[in-house]
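Please read the structure below before turning to the comments.
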Amino acid sequence: MTHDVTDRPRVHALLADGTTVCIRPTVPGDHEQVEGLYEEMSPENLRRRFFAVSHRSARQAADRACAPARTGYRALLAETRGRLVGIAEYDTGDRKDTAEVSVAVADGLHHRGVGTLLVEHLVSAAREDGITTFTADALSENHEVLRLFADLGLPTHRRFEGPEVRCTIALEPGDTYLTAVEERGRTADVASLTPLLRPKAVAVVGAGRSPGSVGRAILHQLHTGGYTGRLFAVNPAAHAILGVPSYPSVGALPRTPDLAVLAVPAAAVPGTAEECGRAGVRALIVVTSGLDAGQAGALRAACRAYGMRLVGPNCLGISHTDPEISLDATFAAGHPRPGTAGVAVQSGGVGIALLDGLSRLGIGVSSFVSLGDKYDVSGNDMLQWWESDGRTGLALLHLESFGNPRAFSRTARRVTRRMPVLTVDAGRTDAGRRAAHSHTAAAATPTMTRAALFTQAGITATRSVGELLETAALLHAQPLPAGSRVAVVTNAGGAGVLAADACAEAGLALPPLPPELAAGLLAVLPDGATAANPVDATAAVSERQLADCLDRIVRDGTVDAVLVALVPTAVAAATGDDLVRALTGTSGRGAAKPMAAVRLEQGLSVQLLPTVDGGTVPSYAEPQAAARALAHAARRAAWLARPAGTVSGLDGVETARARAVVADHLAAHPDGGWLDPRTCADLLACYGIPQLPWTWAGTEDDAVLAADRLRGLDGRVVMKAHWPGQVHKSRQGAVLLDLRGDAEIRSAFRDLRARFDGLMTGVVLQPLAARGTELFAGVVQDRVFGPLVLFGLGGTATEVLADHAARLAPLTDHDVHDLITAPRCAPLLFGAHGDGPVDLEGLEQVLLRLSRMASDLPQLAEADFNPVLATPTGVSVLDARIRLVPSRPHDPCLRRLR
């Protein structure tokens, strides 16, 4: 396959030490640089690369790499600050699916990941070209290149032939490879963020002398927050601001700062960023808003050219509360309280609310980043930082958009195994994505797509900042419940009823307490108490009696959590009892089961009450808040208890043939569109997706002959009119059922031809299907999130009832189980009507194969299987529609910056 050099655009990525490099294809104009790369190598490195030292080797290598594009050959360069630092290439020669690969790195830049990063990008390019295997010859003493191939994470075989080693590398990027790439990416990401979050010197550019200056406010926060590094102001009109020395320019500073905070007018941002880059600054925070497209592009270009990580623009700044650094480069009203919550937000207002709430609760902040317009540093970066910093135990996110959701999902799945990751599900009603082409697209709402991402990644998604803080308080203060069973204990019956309702509405269960436990509770509670669930301890309960009651419930195995709803009473006041102390005064109680309080008179929505053993118990002003928090905790516990899912291998999949079918269709229809029935059936056959038998007929006589071949035992067939671009057959009256005999076939054909004159190109005939459950399965390729698989009730009611569940592809075994059990129609599949369960294994296979098809074919914009007929003996697709659009493959795990 011949590629133009522009078909794989330049991208930026990080080396192991955090340095930014540009990865791009070679062009003829690179000849001098490539030749120079080899000429500057030591004789020993030249010998390892070419197996001999020759003056001609450098020129010959440059000739090959910089020749015009040709079939079966690719070369990629890595450069930083305009300097070529590495090259990797492959050549298939006269082979089709195997290529010889080589890599070279500039002297002095070994062991920084240049070669590995180039080969990763070369692997991605080779897979696009249909190459399945790399081969490489190396001297057995060339330990560096042998280790590079061995550590890629791809299956590698070595064969020693005298002083040489023949390496064969299978380009099968399974989970081992993705994990290896992720680990390399995490190491590089953390290294690149160190100048941002742990800078040894900071300069505030644009710190004004007037009190209303944003730059001055940031300088004040840094100065009064105890920043331990060197601090400078940049202002040509001042020698000192707030006691901090000021200099006329970044270049005039006595030392190069690691981090520069830019609080200058939008027009000055690009030039200031360029100045910072030339001076050697390694990270920028741009708080300025209102950049136009040209200014934004110039800012991005400067950061990439000089390898600077960027937070913003249009942001509040960042804080890092580690006492070794004490960095508060924000213009928030106060300094955040040090603690264990990592916070990343796109909205400055949300950030201020979270900083205030976490400080008030006593949870505090490990690091805070206001992402702003998110040109570079993202939530994905921060998750990797928190995973590694040794201080963060809770991650809070407010993300209005996702740059690479698939990479974010894999990172989040890993991080959520170590700490809770919570988010506010912002942007749930994006009206701009309402347009739909089919049932599938209509069902794929932004809310459903984001919910799939969060659910699969184990992220706790809340609907407001208040709910986020309420849930964070419980997850910070209490252990996770083993399940969703809750006991409600109260000193006021009405409060107990409210709490019980809130728990049920949140999806929690309130099981009856066993007789032995109930008897024990009544033995310690006042007369008139009831020991059902809720437990009404009455207004007469004393502090000691309530503590005994709670101890007995916690030690019993009936429930997984306890919710205590308390109201102040004159009885307790008269006796000097403090019922809250019954929750907080018994050391060690919270170690077994989570406990939460509801105090209706409480002014704040949530507080953390200190316990005698140094812990805390969350207290809520509303039972709904407590119940939501407990439900989130129960879901997190269930997610952690379930092993990570696996993407199953599938038999009978012909990916290469499917790609050829797609390529042929798009060659004939460059703008894409809906497939005709025969092409659609070909694609389904490539993935082993079962279909009800069917035949195409273009004329009335053909229809009669086709019906004769298809009629079942009872002789009944179905006729469906077809024309290009058709979507809603049933709604348009293009389906005729229960046809018998030649006369009915002819009449039906004439009827359809008359009603759809000028449109209809032919008809599809099928035998009338047996009785069963009609289901719906489909895929939508989301431009940002990738393929989304939907499943639910099918037939003509699918849009009206909207009984659908969704998961992002590729589906794991757990994802498929969740898809099948999530819709309201799920009981029908398990034999709720006494007919026995449908073929669940067959249904799983259809969904897995649909997922594989969507993952293999980025050109598949939509697939709509409706209905899918499920019976106890099998599953088959009765009607399928597929829409293709031109699209190039996108490797979601390829390391690159935004």
Side-chain angles (χ1 to χ4, degrees), residues 10-24 76 78 80 85-86 88 103 105 109 111-125 127 147-154 171 173-197 282-283 303-304 307-311 342 344 369 371 374-390 392 395 397 399 402-419 421 453 457 644 786 890-898:
R10 63 177 59 209
V11 298
H12 292 83
L14 298 171
L15 299 181
D17 62 357
T19 301
T20 300
V21 294
C22 174
I23 307 290
R24 64 171 178 83
L76 297 177
T80 178
V85 296
V103 59
V105 176
L109 286 167
H111 310 295
R112 293 172 62 182
V114 177
T116 301
L117 184 61
L118 278 167
V119 172
E120 285 178 16
H121 281 256
L122 212 56
V123 167
S124 179
R127 293 189 71 244
R147 187 179 304 113
L148 185 158
F149 293 139
D151 292 345
L152 279 174
L154 295 170
L171 307 188
D175 201 59
T176 300
Y177 178 67
L178 296 180
T179 300
V181 172
E182 285 174 3
E183 180 58 27
R184 292 190 285 264
R186 185 189 64 80
T187 299
D189 217 10
V190 170
S192 76
L193 294 176
T194 299
L196 174 71
L197 289 161
R282 297 183 61 195
C303 289
R304 292 294 176 256
M308 297 181 290
R309 296 306 308 264
L310 168 66
V311 170
V369 176
L371 301 169
K374 210 169 59 170
Y375 284 9
D376 176 23
V377 174
S378 66
N380 199 34
D381 294 301
M382 294 314 302
L383 283 177
Q384 297 188 90
W385 175 269
W386 295 326
E387 181 184 17
S388 307
D389 70 358
T392 303
L397 302 171
L399 303 176
F402 294 87
N404 188 341
R406 284 169 276 188
F408 173 83
S409 177
R410 285 191 64 89
T411 300
R413 289 184 201 218
R414 185 180 71 246
V415 176
T416 48
R417 295 281 170 185
R418 302 184 58 176
M419 69 180 74
V421 177
L453 172 67
H890 173 76
D891 187 342
C893 297
L894 190 64
R895 285 197 283 156
R896 55 189 154 201
L897 292 169
R898 291 166 56 85

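Computed over heavy atoms, backbone and side chain alike; hydrogens, waters and symmetry mates excluded.
- One N or O on the side chain of Thr416 and one on the backbone of Ala412 form a donor-acceptor pair closer than 3.5 Å.
- One N or O on the side chain of Thr187 and one on the backbone of Glu183 form a donor-acceptor pair closer than 3.5 Å.
- Considering NE2 of His12 and SG of Cys303, their distance stands at 10.5 Å, rounded to 0.5 Å.
- Taking 4.5 Å as the limit, some side-chain heavy atom of Met382 sits within range of a side-chain heavy atom of Val377.
- Residues Val11 and Leu894 have side chains not in contact (no heavy-atom distance under 4.5 Å, counting atoms from C-beta outward).
- In terms of heavy-atom proximity, Gln384 sits nearest to Ser388 at O-OG, 3.1 Å.
- Minimum heavy-atom separation, Phe408 to Asn380: CA-OD1, 3.6 Å.
- To the nearest 0.5 Å, atom OG of residue Ser378 and atom CG of residue Leu383 are 8.5 Å apart.
- Of the charged side-chain nitrogens involved, at least one lies within less than 4.0 Å of a carboxylate oxygen, so that Asp189 and Arg309 count as a salt-bridged pair.
- Atom OG1 of Thr194 and atom CZ of Arg282 lie 7.5 Å apart (nearest 0.5 Å).
- Formation of a donor-acceptor pair under 3.5 Å by the His121 side chain with backbone atoms of Arg895 is found in this model.
- Other residues, nucleotides and ligands contribute only 12 or fewer heavy atoms inside 6.0 Å of the CZ atom of Arg418.
- Few gaps surround CZ on Arg413; more than 12 heavy atoms of other groups in view lie less than 6.0 Å from it.
- Here Arg184 pairs with Glu120 in a salt bridge; the nearest charged N to carboxylate O distance falls below 4.0 Å.
- The minimum heavy-atom distance linking Leu117 with Leu14 is given by the pair CD2-O, 4.0 Å.
- Taking CD from Glu387 and CZ from Arg186, the interatomic distance works out to 5.5 Å, rounded to the nearest 0.5 Å.
- The side-chain heavy atoms of Arg410 and Asp175, taken from C-beta on, include a pair separated by under 4.5 Å.
- Here the closest non-hydrogen pair linking Thr392 and Gly342 is CG2-N, 3.5 Å.
- Inter-residue side-chain proximity for Leu152 and Thr116 is flagged as met; some heavy-atom pair is nearer than 4.5 Å.
- Atom CE of Met308 is separated from atom CG of Asp376 by 10.5 Å, given to the nearest 0.5 angstrom.
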* Are Arg304 and Thr20 close enough, and set up right, to give a side-chain hydrogen bond (donor to acceptor under 3.5 Å, both in side chains), and what steps lead you there? -> CA-CA 7 Å; Arg304 292 294 176 256; Thr20 300; 5.5 Å; no
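- Between Leu197 and Val369 there is a side-chain heavy-atom pair separated by less than 4.5 Å.
- Side-chain contact between Val105 and Val85: absent, with no pair of heavy atoms (C-beta onward) separated by less than 4.5 Å.
- Heavy-atom minimum distance, Ala457 versus Ser409: CB-O, 4.0 Å.
- In this structure, Tyr177 and Val123 have side chains that are in contact, with non-hydrogen atoms separated by less than 4.5 Å.
- Smallest separation of non-hydrogen atoms from Gly18 and Ala191: N-CB, 3.7 Å.
- Legend: residues meeting salt bridge (Lys or Arg N to Asp or Glu O under 4.0 Å) with Asp151, ordered by chain and number and at least two apart, are absent.
- Counting heavy atoms from C-beta on, the side chains of Asp381 and Trp386 never come closer than 4.5 Å.
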